[in-house]
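Below, each value reflects all heavy atoms present in this structure, side chains not excepted, and no hydrogens, waters or symmetry copies.
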Amino acid sequence: MILPIHAAIRSRLHDTLTATFGLAPTELPTISLELPPKRRLGDVAVPVAFELAKRLKKAPRAIAQELGAALGAIDGVSRVEAASNGYLNFFLDRGAFLRARLEGTVPPLAAADAGKVIVEHTAINPNKAAHIGHLRNAALGDTLVRLLRFQGRTVEVQNYIDDTGVQVADVVVGFREIEGRNLADVKRIAETTRFDYYCWDLYAKVGEWYEADAANLAKRGAAMHAIEAGGNDLAAMGAFIADRIVRCHLDTMARLNVDYDLLTWEGDILRLHFWAAAFEDLKRRGSVFLQTEGKLAGCWVMPIDDDEAPGEEPDGEEDPEKREKVIVRSNGTVTYVGKDIANQFWKFGLLGKDFFYREFASQNGRILWATTSHPPSGGSAAPPFGNAAAVYNVIDTRQAYLQKLLKQALGTMGFHKEAANSTHFAYEMVALSHATARELGYTVDPDGKPFVEVSGRKGLGVKADDLIDRLTRTAQAEVRQRNPELSDADSHRTAEAIAVAAVRYFLVKFTRNKIIAFDIDEALAFEGETGPYLQYAVARAGNIFGKLREREGLDEASVTAALAVADRAAIDTGDEGDELWGLVLEAGRLDDVVDQAVRSLELSVVAKFAFSLAQSFSAFYHRQPILKEERRDVQLWRAAAVAYVRRQLTHTLALMGCDVPARM
RNA sequence: GCGCCCGUAGCUCAGCUGGAUAGAGCGCCGGGCUUCGAACCCGUAGGUCGGAGGUUCGAAUCCUCCCGGGCGCACCA
């Protein structure tokens with residue numbers, strides 16, 4: 001890990017600039033640390049001399065030279081060099097760096113635990129099977145959780161379940177009105193079919209049914225009212241459907257190593273009157289008011305204050321300064337925004353109310369909790385939920401406007417700290433490539449959009465489980481071919497791990513504001529920049545160590561111990577030494593990469609880091625043999641590099657929710 | 001109309017808060033399995049970084065304008 005060295009360099013630069021250059025601490029430029037493009041140039045580069053050139057009226061090169069000379073010795077740094085162009089370059093003590101990391105004697109930077117972080121992700125409407133778009137959300141959300149935990153943060157993972165919305169109501173309408181089913185029928189269907197797939201098709205049928213006759217829409221309204229009111233057949237059917245579909249989603253996500261701490265049910269927010277509590281506060285603070293005139297008369301609205309707010313509808317003639325968002329409709333029902341405001345207040349512990357909790361399921365031996373409206377009658381006590389210091393809501397960018405309102409509501413209530421710590425983790429949607437849409441049986445207009453939008457309403461999309469199944473089948477064929485001695489069970493287990501890595505890597509390798517035009521053939525690839533490529537590199541590293549143990553009785557511990565007296569030329573000198581060291585330094589950057597990813601919420605940097613490290617490693621072991629190497633000291637340093645890379649790469653894959661099979 | 005996002009090699013994309021010769025995967029072409037497993041490695045070709053101005057010692061990166069594409073802007077969620 002590199003950050004402790006960064007901290008030491010930064011601190012020394014800070015001291016030297018104030019002491020020797022006489023700069024006041026307040027006028028110090030921000031010191032950024034970079035990675036020089038070539039090892040020959042150095043291991044850490046500092047461009048601070050460029051910043052100071054104007055202020056000190058000296059050439060960057062001269063400043064860099066003076067600064068370098070005044071620094072003095074820094075632990076872990078072997079020498080400092082001012083480059084001719086003005087960069088100040090630091091060369092690390094290569095052998096000490098690798099030894100300390102293999103020995104585990106590098107103390108991690110004190111992770112200031114700034115309180116609990118809540119990450120909400122997945123939040124799929126519980127009325128149909130999960131599709132590829134939902135997977136992007138879950139993959140990003142789960143990876144964010146793992147990165148935050150890596151940094152030492154306490155994280156609570158929540159999955160919001162909208163059990164009282166239109167989408168569940170639509171499936172209820174489908175069962176009742178189109179198929180003429182009662183609750184017992186639906187239960188039987190759930191037992192005898194792939195229920196989430198069944199509902200997927202039914203939901204699409206309901207859409208067509210509404211389109212065929214607009215009068216049918218009245219059934220939706222009726223179903224929604226019934227579900228909200230509770231205590232009737234439709235509500236019971238809706239509750240059953242939501243429960244069963246959520247369990248299907250959990251099974252799908254478990255296949256991808258995604259799990260949760262708490263399921264937050266929207267129905268509980270309603271029944272426990274969370275909204276009423278939030279509403280009183282909002283009214284008291286004047287954050288919302290009852291509109292008495294215009295087209296919004298009779299609605300409780302929230303003024304949209306900032307100048308960046310989206311404008312009126314095209315036909316609107318009103319003053320653009322006076323935009324208002326409806327929070328409570330004129331019929332007295334609360335909108336989605338209202339419910340979400342209440343939920344957000346609760347997440348920060350600002351509501352003065354709490355849910356009751358029940359055990360919902362078990363994930364790898366851990367209890368998954370769910371909210372409930374009534375005190376449970378026994379069972380183990382739930383851990384404390386909510387009361388977070390920071391909240392990340394992982395939802396796609398199309399909801400940016402609403403997320404902004406959420407933040408604004410916190411701000412106008414005077415909760416400025418919470419507003420600042422309220423983060424919308426936005427990402428672009430997943431669409432389908434023309435080829436894949438065609439493969440799914442849809443006619444594509446070649447002159448239309450460059451991609452085809454996924455639509456649950458139309459039943460257009462790649463179902464998550466279908467994709468995983470297909471990847472697993474393809475992977476198992478490859479595994480069998482390469483490892484005929486493996487049992488079916490073993491090759492299947494391996495194939496599953498490969499499938500997970502393929503999907504998850506594919507979903508995080510793109511920057512978040514890039515629309516993914518999902519192409520099934522592209523996602524099915526196991527070569528090049530893919531998850532399986534990374535796993536393969538680690539498997540090879542493991543294999544090298546396996547053979548080393550077999551043939552020479554060397555394991556990681558004995559290699560590490562032997563380094564103490566080994567000649568360092570293999571890591572310190574020559575092109576081969578530079579390559580070996582470059583690999584080790586790259587592997588050491590994981591902590592820096594994680595920091596960058598979390599700061600920028602750009603998780604693709606973790607994926608890119610993993611790929612580039614695997615690439616460097618593959619090239620390395622092709623060029624510098626380990627087992628065949630006869631010079632003992634050279635062999636030791638190479639083996640040590642393999643051990644460290646394997647460890648770091650395994651860790652990086654785990655951060656993306658991927659396991660590494662021993663053979664593949 | 002207003003807001004946000006995208007435009008870099010044939011295709012799909014990286015390029016970190018401006019910095020050292022613009023990179024990768026796929027595809028194309030050509031090499032490498034009597035081997036630490038070829039899901040790999042090595043090499044060739046391929047780019048007016050959408051366009052025009054501006055700021056700067058320095059711009060793919062920052063600012064302005066323009067062009068092309070996407071998304072959002074409901075008493076839906």
Nearest to the side chain of [X], which nucleotide is it out of [options]?
X	options	result
A:E478	B:A24, B:C41, B:A39	B:A39
A:E527	B:A39, B:C41, B:A77	B:A39
A:R623	B:A77, B:C71, B:C42	B:C42

Between [X] and [N], does any side-chain N or O lie under 4.0 Å from OP1 or OP2?
X	N	value
A:Y536	B:A39	yes
A:N85	B:A20	no
A:N331	B:C75	no

Are A:F451 and A:F518 an aromatic pair, judged by ring center distance below 6.0 Å?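 Not under 6.0 Å, so no.
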
Run the ring-centre check on A:Y533 versus A:F526 and record whether the distance is less than 6.0 Å.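 Not under 6.0 Å, so no.
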
Whether A:E529 and A:K608 form a salt bridge (side-chain N of Lys/Arg under 4.0 Å from carboxylate O of Asp/Glu) is what I want to check.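 Between A:E529 and A:K608 there is a salt bridge, with a charged N closer than 4.0 Å to a carboxylate O.
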
5'-most by nearest nucleotide on RNA chain B - A:K339 or A:K325: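 Nearest-nucleotide comparison on RNA chain B picks A:K325.
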
First encountered from the 5' end of RNA chain B, between A:A297 and A:K38: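 Closest to the 5' end, via its nearest nucleotide, is A:K38.
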
Between the base of B:C16 and the side chain of A:S600, is there a donor and acceptor pair under 3.5 angstrom?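 Side chain to base: no pair present.
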
Look only at the side chain of A:D396 and the backbone of A:M429, and say whether a donor-acceptor pair between them is shorter than 3.5 Å.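 Checking the backbone N and O of A:M429 against the side chain of A:D396, no donor-acceptor pair under 3.5 Å is found.
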
